[in-house]
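Counting starts at 1 for both ligands and their atoms, following the listed order.
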Amino acid sequence: MNKPLEEEYVLKKLREFKSKDLSYFSGRILGSMCSEPHPLSKKVFMDFIETNLGDPGLFEGTAEIEEETIKIIASLLSLDNPYGNIVTGGSEANIMAMRSARNHHIKTNNIKHPYTEPFELILPKSAHFSFKKASDILGLKLIEVNLDNEYRIDIESVKKNINKNTIAIVGVAGTTELGMIDPIKELSQIAIDENIYLHVDAAFGGFSIPFLKYIGYNLPNFDFSNEGVSSITIDPHKMGLTPIPTGCIIYREKKYIDLINVDTPYLTVKKQSTIVGTRLGAASAATWAMLKYMGKEGYSEIAKSCMINSNFLADALIKEGFNLITKPQLNIVSFNHPKIETEELAKAIEEKSWKVSISSCPKAIRIVMMPHIKHVHIMNFMRDLREIKSGI
Ligand SMILES: Cc1ncc(COP(=O)(O)O)c(C=O)c1O
């Protein structure tokens with residue numbers, strides 16, 4: 001470790017590191033679910049930077065902000081009496097939900113010797129890899145079921161795979177690779193009929209589907225109005241424009257949180273359910289600020305402009321002879337070219353200084369049309385794609 005250095009020197013060195021990063025403002029980041037946080041959310045985040053909701057008795061005001069934030073987000077998801085937390089992101093939220101589901105299964109089935117039989121989790125092949133982490137941590141056997149022609153979970157495959165060891169079913173509202181919305185209504189009916197926990201992962205879609213529906217987009221209902229839904233993951237740090245790390249888990253009933261609470265004897269509150277202990281109050285404050293400042297209208301505008309840009313790109317790609325994997329349901333556009341391998345196409349795009357990602361199922365170039373991507377960036381991207389195509 002070095003001797004103390006001048007502040008000016010430290011800051012200069014850090015600026016040098018940062019100069020190697022890409023900025024969202026460049027419009028070059030085309031494959032990320034994160035975006036430039038709104039200036040207000042950054043300011044509020046800094047104002048609450050020292051608050052710790054791991055010990056909420058010390059920060060009662062900030063704890064109240066979290067409670068209100070959960071209520072506001074839940075109201076977007078058709079739930080009046082929510083329980084939940086602002087957490088670090090979709091992964092933590094999903095892992096919490098899986099803890100609740102496993103413990104609920106153990107309790108309701110009065111299982112005396114857990115793990116003598118496998119705990120099985122039914123989820124679509126399109127589910128996010130955070131469920132692999134949940135599987136590893138919680139000892140869950142993942143039953144990855146097929147997708148239908150539109151890359152949504154296949155309902156018959158779900159039904160076929162249910163057995164006495166099934167701890168939960170997962171549906172996704174806005175899949176990571178293609179932005180598709182699983183048929184949550186049908187999953188909900190299965191969950192009710194079979195008395196199984198249903199978790200909806202709306203980490204990506206949660207901050208756009210309700211707003212798009214509000215302005216008239218015809219999208220399926222994925223929220224708590226489906227009686228079988230037990231919990232929902234919804235991430236402010238994706239389409240909610242808050243700083244990283246800001247995720248959110250909402251439960252329909254208190255019993256699901258009680259099932260994952262552990263005793264915290266030396267803290268100001270005696271129970272804790274989150275995976276993380278010391279926990280940013282700044283994330284709650286920034287989310288509260290954005291919800292109040294943007295309102296339904298503000299978020300609807302953002303979601304709408306991302307959809308307009310997605311559809312514009314999709315149409316432009318078709319005109320240029322590229323194949324869309326599917327018509328965008330949310331703001332993700334995935335495509336290939338009939339004459340170029342996906343990896344080769346990705347390499348050529350990267351050589352022109354764009355950052356895209358490749359989806360795996362099916363293999364394709366994946367563009368996540370986040371708010372930092374503007375019309376002019378799409379025009380420039382299409383110009384480069386035309387050049388790549390003419391070189392084939
Ligand atoms: C559908 C879905 N769920 C969960 C996650 C994990 O979220 P995080 O990276 O915030 O942990 C992602 C991330 O892309 C996602 O797309």
Handout entry: Polar atom proximity, Gly90 to ligand 1 (N or O, under 3.5 Å)
Key = yes
Practice task
Determine, considering heavy atoms only, which of His128, Lys133, Glu92 sits nearest to atom 5 (C) of ligand 1.
Solution key: His128
Problem - Ser334 and Arg366: side chain donor to acceptor below 3.5 Å - result: no
Problem - Subset of ligand 1 atoms that lie under 4.0 Å from at least one heavy atom of Ala203 - result: 2 (C), 3 (N), 4 (C)
Practice task
Report yes if some N/O of Ser91 lies less than 3.5 Å from some N/O of ligand 1; otherwise report no.
Solution key: yes
Problem - From the candidates Val87, Thr176, Ile234, Ile332, the one that places a heavy atom nearest atom 15 (C) of ligand 1 - result: Thr176
Problem - Residue pair Tyr151 / Glu177, side-chain donor-acceptor N/O under 3.5 Å - result: no
Problem - No-hydrogen, no-angle side-chain donor-acceptor test under 3.5 Å, Asn323 and Asn336 - result: no
Practice task
Look at the rings of Phe211 and Phe207 and say which category their plane angle falls in: under 30° parallel, 30 to 60° tilted, over 60° perpendicular.
Solution key: tilted
Problem - ligand 1 contacted by His237 (non-hydrogen, < 4.0 Å) - result: yes
Exercise for the section: State whether Phe204 and Lys238 meet the cation-pi test: NZ (Lys) or CZ (Arg) under 6.0 Å from the six-membered ring centroid, and within 45° of the perpendicular axis. Expected result: no
Handout entry: Exercise: do Tyr299 and Ser208 side chains pair donor with acceptor under 3.5 Å
Key = no
Problem - Residues His128 and Thr176: side-chain donor-acceptor under 3.5 angstrom - result: no
Exercise for the section: Check each heavy atom of Asp235 against ligand 1 and say whether those closer than 4.0 Å belong to the side chain, the backbone, both or neither. Expected result: side chain
Fill in the blank from the handout: Taking only non-hydrogen atoms of Met33 and a 4.0 Å limit, the atoms of ligand 1 in range are 14 (O), 16 (O)
Handout entry: Side-chain H-bond candidate by donor/acceptor type, Asn261 with Gln272, under 3.5 Å
Key = no
Problem - Best match, Asp201, Val170, Asn94: closest heavy atom to atom 1 (C) of ligand 1 - result: Asp201
Completion exercise
The protein heavy atom nearest to atom 9 (O) of ligand 1 is Lys238 NZ, 4.0 Å
Handout entry: Numbered atoms and elements of ligand 1 in range of Gly89, under 4.0 angstrom, heavy atoms
Key = 10 (O), 11 (O)
